[in-house]
Amino acid sequence: MAKIRIEKLTKIFGPRPKEGLRMLDAGKSNAEIREAGHAVGISDVSFEVEQGEFVVVMGLSGSGKSTLIRCLNRLNEPSRGHIYIDDEDITTYDHDQLLKLRQHKISMVFQHFALFPHRTVVDNAAYGLEIQGIEPEERRRRANEALELVGLKGWSDSYPSQLSGGMQQRVGLARALAVEPDILLMDEAFSALDPLIRRDMQHEMMLLQQRVKKTIVFITHDLDEALQVGDRIVLMKDGRVVQIGTPEDILKNPASAYVERFVENVDMSRVLTAQAVLQRARVLAFPGDGPRTALRKMNDDNYASLLVVERDYTLRGTISVEAASKAVQDGLKTIEPLIEETPSIPINEPLMSIIGILSEWRWLLPVVDENNKVLGVVTRAAVLTALAENTPDKTTSAEPESEPESEPERSDAA
Amino acid sequence: MIPMVPKFPLAHMIDVALNWLTHNFSWLTQALSHGISAVIDVIITGLLWVPPWLLILIVAAIGWRAAGRRVGIFTALGLLFLWNLRLWQPTVETFTLVLISTLIAVAIGLPLGIAAALSKRTSRVVMPVLDFMQTMPAFVYLIPAIPFFGLGAVSASVATVIFSTPPTIRLTALGIQQVPSDLVEAADAFGSSPRQKLFKVQLPMAVPTIMAGINQTIMLALSMVVIAAMIGAGGLGGKVWQAIQRLEPGKGFESGIAIVILAMILDRVTQRIGRGSPAAGAH
Ligand SMILES: Nc1ncnc2c1ncn2[C@@H]1O[C@H](COP(=O)(O)OP(=O)(O)OP(=O)(O)O)[C@@H](O)[C@H]1O
Ligand SMILES: [Mg+2]
């Protein structure tokens, strides 16, 4: 069951949305509809968000990102379509149900913080709890916990104006987290921060996401940020969704020239992960193997080393060809004493850091799951090939087709 | 052509309407009149019962706390001077009228201002009425006040309330409307009811603006209370009025200066209240 299911969601701004909808159905363009005095916020948007997923919404200015996210807690009233949260259609909620939904299930983090200047940091963080009618002591305790979670312990009694931008943004985050919502909506939550603080916040957000699995819908203008934090990316244009997929999907198979323009010039090494270069480990050694067996396995496949695993594929380490030969000379029974400790990486390790590890480690690099079981290996050759193949080639991607569209914005922090 | 058109009987119509009102509502205005005049008497008697030096000390301390040392010292010196001029009693009378009128004006103006801020329709009705109330020469209010409430302090305070309430209404509405929309939205996003939003976000954020409105109300009330001496409100205005009738310019100026001093004290002290709040630093 999807956490959020959005079905054919349309939002028309203006005094007579019905008329706008009719024009939309008649196939009129956004520009024509605008001329008639309406504005298309989003049109016919459908997708699902799974429990615990981190979805990033991207698109140019005016593409409807904010409208979409604000429909999810009905700060914008949808003109048509349905939003199901936990399989309940929230577009049919009455006033009281809506207040309950906003109090308990969905919280929002705002681009410009939107902190209450007349309240202390802890009272800001406790705002949602106060609205729920929770007793002062308990809400203070829970607000302080949330503040601690975002690294603002000890700032409770300051006023927002006494904090730096990054800290204010964290208060905004704590305010949203304090009510322990299932869903977090973040509208360009980090864009007002300078690049360094922003990197920190992204990092903290990801750590936080691992600790408290929330369903997150996150808007950003910044592709690097999207790639950094997103499980999936929703790309929007003119109020419509043009592509949905994992960062890799979108980079490797851009669905249109629009998407392509978004993704060209992206540093592939940050985007691709071990997944893209994973190879099956064809031969493995076991701790009980004799040195001669190990040498023969290496010779068969022309390897200078072998990964050593337990029978259940738990990683033990590496045996090199030198070590195995020496074991033969010394007359050792098994290779067990000569197993070298070996670095390993998870399946979602970015190529960027793999390159770093491979510059220090000359043998096969094992990719393991969370139980330290070997899934496969990564070799230096495979990494280099992947990078070469995926670096965009200007002569082929620069298509003659030219849309009257401004360049997508990119982060200035590379 | 024009002289042939008979005069539109505006004055007559207003007189008829007022007569009708006086006739049918005198029971209410009489009751109000008794109530207000009792309260005014109690306060004046109470304040005059306190030795002037003690009262001066208390007021100066309030001024000091609210607005700093300089205002505190100025308050003390100013009041001592008034006492020395033998104008203590009229000062207390005037102050009491201002106090009562302001309290009533705020009690009426605050809710009206909130209503005007939250509902476009209310605002469309209230704002033109305020324009009317403020442009009408202040004296005119005194005339109908007399048949309703009789000569004296009550009529004066009623006319004063009518004259001085608009700034509180206006600035309360303005203060609430000026709360940044993203803060209102944040309140909405956390599921605040309209009531919670008003009391937890909009009103606290509007405090500095509302206080500016109340400050203006106080100043208008003071100016009106002085004018209201014409219908027997007494106080410092009464002294000025006496001086005019007896052609005593010295006495007139003495009382005039006393009014200025009282005005400055009221202004400085109330101006600062609400400014110290953290919301005042935001925009
Ligand atoms: N309150 C509104 N009234 C009228 N039109 C609106 C309103 N809000 C948004 N729009 C219109 O809806 C469209 C989508 O706007 P939206 O704010 O969702 O874009 P966005 O993708 O969030 O842009 P940005 O990146 O600049 O924040 C725009 O054409 C905009 O003009
Ligand atoms: Mg936006």
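Protein chains get the first letters and strands the later ones, always in sequence-line order, with residue 1 at the start of each.
- Contacts of A:L98 with chain B are absent, with no heavy-atom separation under 4.5 Å from either backbone or side chain.
- Of the options A:I106, A:I85, A:D86, A:I4, a side chain to side chain contact (heavy atoms under 4.5 Å, CB included) to A:D182 is made by A:D86 and by none of the others.
- Heavy atoms of A:L115 lying under 4.5 Å from chain B belong exclusively to its backbone.
- When A:R102, A:H112, A:Q103, A:M108 are compared by the number of non-hydrogen pairs under 4.5 Å with chain B, A:R102 comes out ahead.
- Geometrically, A:R5 engages A:Y84 in a cation-pi contact defined by less than 6.0 Å to the ring centre and at most 45° from the axis.
- With 3.5 Å as the limit, one finds a donor-acceptor pair spanning the side chains of A:D123 and A:T120.
- For chain B, the nearby part of A:R70 is the side chain; its heavy atoms alone come within less than 4.5 Å.
- Remark: B:Q271 CD to B:L266 CG distance equals 11.5 Å, nearest 0.5 Å.
- We find that A:E130 and A:R119 are joined by a salt bridge, their nearest charged nitrogen and carboxylate oxygen being less than 4.0 Å apart.
- For chain B, no part of A:H104 is nearby; none of its heavy atoms comes within less than 4.5 Å.
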